[in-house]
Amino acid sequence: KVPLAVLRAANVKQSDVPEGRGDDEPANVPDLDGAWVATSRPKPRRWLRRLEIRGSKVVDGEGQILHLGRTGDCWCLAEGVFIRTGDEMVRYGSTGSAVTWLRASA
């Protein structure tokens, strides 16, 4: 489950966070388009180390294709909630872990 404080900040209920590695409901998220590289320490699991986002389509660090969903004021992917804060993007997972990304340099 996603931490309660994160859900409250994003105005989302736990029951609204999709389960599984992808969400079937597409989201319009052009401000997330591009490559994102995880900056968290320790390094997150391999699939979370790099994300390529184009619209609702996401290619993870293992080459799997996933889809972002929109819930409240945040995006959902793989049982986690994404929140964009300035130049960073943070994903709070169902275990309570947080992964932070920065946009990859061109």
Quiz item: Which distance, rounded to the nearest 0.5 Å, do you find between the CG of Leu66 and the CG of Asp60?
Solution: 5.0 Å
Exercise. Kindly write out the residues that satisfy salt bridge (charged side-chain N to carboxylate O under 4.0 Å, His left out) with Arg84, not counting sequence neighbours, or none if the list is empty.
Key: Asp31
Practice problem: Walk me through it: do Arg91 and Trp101 pass the test side-chain contact (heavy atoms from CB on, under 4.5 Å)? | Solution: CA-CA 9 Å; Arg91 176 186 178 269; Trp101 290 269; 3.3 Å; yes
Quiz prompt | Value rounded to 0.5 Å, distance of NZ in Lys57 from CG in Leu68 | solution = 12.5 Å
Quiz item: Does any pair with a residue in residues 41-52 pass salt bridge (Lys or Arg N to Asp or Glu O under 4.0 Å), and if so which ones, sequence neighbours excluded?
Solution: Arg50-Glu52
Quiz item: Of all residues at least two apart in sequence or in a different chain, which pass the salt bridge (charged side-chain N to carboxylate O under 4.0 Å, His left out) check with Glu88?
Solution: none
Practice problem: State which residues pass ring pair (Phe, Tyr, Trp, His ring centres under 6.0 Å) with Trp36; sequence neighbours excluded, sorted by chain then number. | Solution: none
Self-check item: With sequence neighbours excluded, residues passing side chain to side chain contact (heavy atoms under 4.5 Å, CB included) with Val90
Solution: Tyr92, Ala98, Thr100
Quiz item: Shortest non-hydrogen contact from Ile53 to Leu32?
Solution: CB-O, 3.5 Å
Quiz item: Which heavy atom of Leu48 sits nearest a heavy atom of Ala38, and at what distance?
Solution: O-CB, 3.8 Å
Quiz prompt | Met89: which of Leu51, Val99, Ile83 passes side chain to side chain contact (heavy atoms under 4.5 Å, CB included) | solution = Leu51
